[in-house]
Amino acid sequence: ALRTDVFQRLQQLPLAFYQRHKTGDLTARLMTDTEQLKNVVVMVSGDIIKQPFTLIGALGYLLYKAFTNRSALFVLVTLISVSLCIIPIRIVARRLIKKARLLASQTGELNAVVTESLQSPMEIQAYNLQPRLLERFSANIRGIFRLAMKTVKYKSFVNPVIEFISACGFMVALYFGVKHGMKPGLFVAMGAALFMAYEPLKKLSILNAIWKMGAASLERLEQVLDAEDTVPQPAQPVAFPASANEIVFEQVGFTYASREPNGTTTVALSNVNVRINPGQVVALVGPSGAGKSTFIALLPRFYDPTAGRVTLNGVDLRQADKAALRERIALVPQMPITTATTSPMCASLARATSRFRCRRSRCS
């Protein structure tokens with residue numbers, strides 16, 4: 001269900017979101033991070049209720065026996081040793097969440113490298129980019145391996161430390177118990193309760209490590225689910241008039257935001273005034289980067305202009321229903337579509353433009 005929600009959200013987000021994120025990274029969030037989160041739920045769900053109740057029951061029994069048998073020193077040593085076990089758990093948890101975030105980010109970067117290389121074989125071979133891509137791939141693999149080993153190190157660090165602290169606490173408790181004349185039967189019972197208090201701590205430390213790794217994946221998924229829609233649907237869409245389509249650009253300007261938080265912006269259009277009458281054929285001619293693609297992208301409302309407005313039949317596109325607007329527009333993209341959905345998509349384009357014909361899974 002979560003994977004479906006993320007996929008649905010990805011279909012709704014504007015092109016500006018895709019410009020800020022690499023395709024491979026989004027694929028990793030949709031597939032790898034959701035799988036990681038599923039594994040966390042499966043592994044944690046069995047012990048998340050059982051172990052805390054076991055710990056509370058064991059500590060409750062120790063407190064009861066200590067007060068009824070006036071062995072406060074024993075329980076004091078016990079509680080101190082149990083509380084000391086929480087220190088390594090907290091230290092490791094902080095380290096794990098940091099490494100888990102980096103590991104998820106590196107995995108997304110690796111997916112991006114793979115996706116780029118598989119989508120552009122002609123360009124890679126034409127410019128002899130194979131060694132450079134191999135180096136990027138190998139560097140990402142080495143980075144993931146180092147982070148994975150550090151994660152294993154931190155996860156494996158907790159159990160021996162808890163074992164050592166519990167052994168020391170048990171020996172000190174044994175010493176004071178014998179010194180104050182505690183009966184063997186009572187000491188065995190309290191020793192068993194003490195062991196039952198340490199065992200949940202060890203398991204909870206493992207669960208905590210697993211949860212922290214899942215939390216990093218959850219953060220990455222929330223970035224998609226909570227991403228801002230910069231081209232929002234109007235609360236009360238305005239219907240288009242039934243008259244012929246007239247497109248008007250009124251002092252339109254558009255500036256691309258930077259991918260980096262403090263990066264520079266790019267001005268694509270500035271003070272554009274154009275009127276396109278019904279039946280008129282218009283061609284945009286200019287060098288690369290002149291704003292031709294941006295001009296076209298404003299028509300289906302892939303972006304909203306940062307200045308001025310674009311109208312269709314007198315209706316500002318920001319006030320219109322996006323689905324109704326795009327039903328009036330046939331778009332032939334610059335980049336070819338080479339996926340399993342090419343054939344039905346090609347058929348849709350053929351019906352819309354009459355410029356395509358389908359031949360199996362290819363467009364020609």
Sequence neighbours left out, what pairs pass side-chain hydrogen bond (donor to acceptor under 3.5 Å, both in side chains) with at least one residue falling in residues 102-111?
->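 Residue pairs passing side-chain hydrogen bond (donor to acceptor under 3.5 Å, both in side chains), neighbours aside: Lys22-Glu109.
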Taking only residues at least two apart or on different chains, which pairs with a member in residues 226-236 satisfy side-chain hydrogen bond (donor to acceptor under 3.5 Å, both in side chains)?
-> Gln233-Asp321
Test item: Thr306 side-chain N/O and Gly253 main-chain N/O as donor-acceptor pair under 3.5 Å =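 Yes; at least one donor-acceptor contact below 3.5 Å.
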Look only at the side chain of Gln280 and the backbone of Asn277, and say whether a donor-acceptor pair between them is shorter than 3.5 Å.
->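 Side chain of Gln280 to backbone of Asn277: a pair is present.
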Transitive ILVMFWY side-chain link Ile141 to Leu102, under 4.5 Å |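 Linked within one cluster.
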Given Arg3, which of Leu221, Leu37, Thr34 fulfils the side-chain contact (heavy atoms from CB on, under 4.5 Å) condition?
->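 So the option named by the test is Thr34.
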Would Asp33 and Arg220 satisfy salt bridge (Lys or Arg N to Asp or Glu O under 4.0 Å), going step by step from the backbone distance to the final call?
-> CA-CA 8 Å; Asp33 288 329; Arg220 285 166 51 82; 2.6 Å; yes
Residues Gln223, Arg29; criterion side-chain hydrogen bond (donor to acceptor under 3.5 Å, both in side chains); working and verdict = CA-CA 10 Å; Gln223 289 173 2; Arg29 295 182 193 226; 2.7 Å; yes
For the residue pair Tyr303 and Tyr256, does the interplanar ring angle fall in the parallel (under 30°), tilted (30 to 60°) or perpendicular (over 60°) class?
-> perpendicular
Give a yes or no on this: more than 12 heavy atoms of other residues, nucleotides or ligands lie within 6.0 Å of atom [atom1] of [X].
| X | atom1 | value |
| --- | --- | --- |
| Arg95 | CZ | no |
| Arg132 | CZ | no |
| Lys98 | NZ | no |

Take Lys322 and Glu327, measure what salt bridge (Lys or Arg N to Asp or Glu O under 4.0 Å) needs, and give me the verdict at the end.
-> CA-CA 9 Å; Lys322 288 191 289 186; Glu327 284 178 355; over 6 Å; no
Residues that, via side-chain heavy atoms closer than 4.5 angstrom, fall in one hydrophobic cluster with Met149 = Phe145
